[in-house]
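So the structure is just underneath, and the comments pick up after that.
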2 protein chains.
Amino acid sequence: MRPTIKDLAKAAGVSLATVDRVLNERPNVSARAVRKVQDAIKRIGFERNLAAVNLARNRVYRFLFVLPKHGDQYLSELLAEIDSARAPLKSELVEVEVVRLDVENPHAVANLLSSLQTDEVNGVALMAPESPQTRDAVLRLNERDISVVHFLSGQANLEHHDFVGIDNIAAGATAGRLIGRFNAGRSGAIAIITETIHAQDSLKRRLGFDRVIHQIFPTISCLPTLETHGDPARAERIIKQTFANHEDIVAAYIMSPEARVPLEALSHCADLKNLIVVAHERTPFNEEALRDERLDAIIAQNPGHAVRSALRILRARRDRRQPFAAQEKIRIEILLADNL
Amino acid sequence: MRPTIKDLAKAAGVSLATVDRVLNERPNVSARAVRKVQDAIKRIGFERNLAAVNLARNRVYRFLFVLPKHGDQYLSELLAEIDSARAPLKSELVEVEVVRLDVENPHAVANLLSSLQTDEVNGVALMAPESPQTRDAVLRLNERDISVVHFLSGQANLEHHDFVGIDNIAAGATAGRLIGRFNAGRSGAIAIITETIHAQDSLKRRLGFDRVIHQIFPTISCLPTLETHGDPARAERIIKQTFANHEDIVAAYIMSPEARVPLEALSHCADLKNLIVVAHERTPFNEEALRDERLDAIIAQNPGHAVRSALRILRARRDRRQPFAAQEKIRIEILLADNL
DNA sequence: AGGCAAATGAGGTGCGTACCTCAAAATTTG
DNA sequence: CAAATTTTGAGGTACGCACCTCATTTGCCT
């Protein structure tokens with residue numbers, strides 16, 4: 001049988017009350033008692049029964065996803081994943097809510113975060129660009145014992161915050177490597193397209209992409225980033241112009257998750273079958289494009305993994321456990337037509 | 001507050017005992033009572049508290065991994081993953097054991113499976129080739145209420161068994177696609193190497209590989225599969241011979257997880273920098289080979305995911321829940337130097 | 001209507017832990 | 001040394017549910 005606190009008390013030669021004091025770090029315990037209990041824990045291999053702990057504490061986990069109000073297909077995928085994670089988690093006492101707001105407005109984000117009460121929310125997964133206001137609001141949340149996970153946004157390298165998402169520099173590098181290899185030594189230029197270069201994600205991807213192209217595939221060169229701003233007409237215009245100025249375009253890299261508008265425009269400028277096109281995120285549109293060879297590869301971060309990972313981290317923080325790190329690294333997935 | 005069975009009883013207008021009878025499918029309940037309870041469940045959104053259920057049932061989960069006795073680096077990775085999954089799972093009442101035996105011997109496998117007792121083991125993750133004997137033993141395990149997951153082996157398409165692993169046909173196709181694209185229309189031949197074609201995995205990978213090469217990349221052709229049988233001398237000999245007979249080899253596909261022996265032999269026959277080489281599984285050796293460009297891509301199935309997935313399935317089966325399918329599909333990962 | 005089986009309710013116990021109170025013992029302090 | 005303080009132990013209740021017993025009610029059949 002699995003040892004219980006009773007067994008532990010017996011093994012340590014102390015009372016249940018003392019064991020309880022040690023385990024839950026209550027005051028008024030002698031160093032000697034602490035040692036006796038800790039020795040016994042190791043000796044008999046005691047492990048707290050988490051089910052019983054949660055039952056006794058009558059604890060529920062309330063987590064909140066803060067997501068953009070407007071978004072692309074990838075956001076819909078995220079919402080769907082959150083939704084389908086709900087049911088199985090509910091029986092494990094995890095309740096998940098979603099709030100959507102204008103994440104580009106730092107004040108709106110900060111206001112929302114400030115309004116959260118400890119007894120209403122235990123953890124937040126925040127998908128919003130970093131700003132001084134939000135950074136400050138996050139710190140104050142931590143003071144109120146509400147943990148925060150930066151979710152598919154913000155900086156990966158902040159020491160004191162949890163982060164869920166891919167390394168966008170590596171993602172860009174991977175895209176570069178694919179295009180370079182698929183191109184196989186021919187010379188030419190690469191069109192690089194995004195919605196707005198304003199986004200941290202795009203900046204980093206471009207960084208990684210450029211580095212790989214310059215260092216490893218010197219026969220091809222990167223053109224300046226084209227920004228569509230989500231506007232089909234604008235996209236059409238600037239892409240057409242770029243193709244007019246550069247006859248040697250052999251590839252296109254679409255950095256934003258929304259690929260429909262750029263791809264549409266590209267299809268009017270070149271034969272997509274001969275143009276190497278790499279885009280980001282597995283959305284229904286991108287999948288279809290990959291299948292009928294308008295796209296050659298997709299760089300993806302699995303939204304389901306991201307959602308579950310964020311929830312696992314928040315849960316671990318709430319339990320004052322260390323997140324099981326290895327599991328929480330979101331992979332940079334490469335999708336071809338065959339491994340969809 | 002979260003509704004409890006008491007709330008449910010009140011809402012349904014029946015006693016606690018009846019609620020219990022319905023929830024746990026005990027006999028002697030009228031259809032009317034069942035309906036009343038089920039309606040109330042929906043109405044008030046009742047969800048069993050799994051922690052309390054497990055506590056009351058005093059249930060522990062005992063799972064067993066049955067793995068090959070001898071193996072390559074990938075097997076070591078698997079063992080390490082099982083090991084590191086142990087600690088966090090233990091506090092959730094999951095105990096994981098590993099048995100290693102000669103899985104190529106159907107009798108040994110069947111004997112082991114037959115010896116398992118219901119009160120010792122609740123579920124088995126079985127990594128062994130299929131055979132009539134094991135198939136039979138698995139069926140008898142199911143009768144004893146011990147569920148079985150076919151783990152990175154066996155058939156994916158058996159309806160009545162759970163399976164954890166990748167689709168090897170698709171994996172082979174993905175390898176083919178990568179080689180085809182990296183080769184970019186040049187003509188030539190592909191050397192295909194494995195330990196033994198006897199393994200189901202290799203057969204399927206070859207199937208998918210061939211299909212993609214024939215249909216999509218007609219300028220290159222596949223040579224017959226070379227079997228190393230894990231013997232460096234033999235590998236050296238047959239690979240050298242193949243290169244002597246075919247001067248136009250542009251790529252090699254190593255189908256087995258053990259890539260060291262074939263890669264060593266290949267390095268004596270060609271300049272690996274110019275030869276496109278794709279191998280399977282992320283092992284320390286393969287990672288290093290990918291970094292220094294002896295390998296061009298790795299097709300991998302994440303061992304950590306596989307282990308955790310198998311455990312989740314076994315747990316769900318033990319609880320008589322449906323496994324959360326979407327999460328349990330093991331991805332075919334493509335690794336390049338940039339997304340390691 | 002009476003007999004019988006099926007259905008239901010009331011109530012109890014235990015799972016492993018948290019958290020509380022109160023009294024007793026041990027240790028420190030002056 | 002006594003008094004004050006800290007430490008320890010004994011015991012109880014609660015968490016939400018499973019599982020059990022026994023008495024009572026209900027519905028069905030003849």
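Residue numbering restarts at 1 for every chain, and letters A, B, ... go by the order of the sequence lines.
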Rounded distance in Å - CZ (A:R21) to C1' (C:dT17): 15 Å

Is the phosphate of D:dG16 approached by B:R2 (side-chain N or O, under 4.0 Å from OP1 or OP2)? no

Check this for me: does the side-chain of B:R57 come within 3.5 Å of the base of C:dG14 through a donor and an acceptor? no

Under 4.0 Å: is that the gap between some side-chain N or O of B:S15 and OP1 or OP2 of C:dA10? no

So, does B:N58 get its side chain near the phosphate of C:dG16, meaning an N or O under 4.0 Å from OP1 or OP2? yes

Within the 4.0 Å heavy-atom criterion, would you say B:A51 contacts the bases, only the backbone, or no part of the nucleic acid? nothing

Can you tell me how far apart OG (B:S91) and CZ (A:R48) are? Round to the nearest 0.5 Å. 10.0 Å

Between D:dC17 (P) and B:L16 (CG): distance, integer Å: 10 Å

Phosphate-side-chain proximity, A:S30 and C:dA26, N/O vs OP1/OP2 below 4.0 Å: no

Using only side-chain N and O atoms of B:R48, determine if any of them is under 4.0 Å from OP1 or OP2 of D:dA18. yes

Tell me if the side-chain of B:R32 makes a donor-acceptor pair with the base of D:dG27, cut-off 3.5 Å, by modelled atom types. no

5' precedence on DNA chain C between A:L23 and B:G13 (nearest-nucleotide basis): B:G13

Taking only Lys NZ, Arg NE, NH1 and NH2, and the carboxylate oxygens of Asp or Glu, determine whether A:E130 and A:R135 approach each other closer than 4.0 Å. yes

Rounded interatomic separation in angstrom, taking CZ from A:R26 and P from C:dA18: 7 Å

Interatomic distance, B:D7 CG vs D:dG16 P [rounded to whole Å]: 9 Å

Atom-pair distance (CD1 on A:I5; C1' on C:dA18), nearest Å: 8 Å

Verify the contact: side-chain N or O of B:N49 to OP1 or OP2 of D:dC17, cut-off strictly under 4.0 Å; return yes or no. no

May I ask you to test the A:V96-A:Y61 pair for a side-chain heavy-atom distance under 4.5 Å? no

Say you draw a straight line from CD of B:E47 to CD of A:E95; how long is it, rounded to the nearest 0.5 Å? 9.5 Å

Under 4.0 angstrom between B:N24 side-chain N/O and D:dA18 OP1 or OP2: yes

Here's a test of your reading of the structure: between A:N28 and A:A52, which maps to the more 5' nucleotide of DNA chain D? A:N28

Is any side-chain heavy atom of A:K90 closer than 4.5 Å to one of B:R2? yes

Nearest whole Å is fine: how far is D:dC19 P from B:E25 CD? 12 Å

Side chains of A:S114 and A:R140 in contact at under 4.5 Å (non-hydrogen atoms): yes

In this structure, how many angstroms lie between the P atom of D:dG12 and the CG atom of A:D20, rounded? 16 Å

Could you check B:L55 against B:K36 and say which one's nearest nucleotide on DNA chain C is further toward the 5' end? B:K36

Starting from P on C:dA18, measure out to CG on A:D319 and report it in whole angstrom. 12 Å

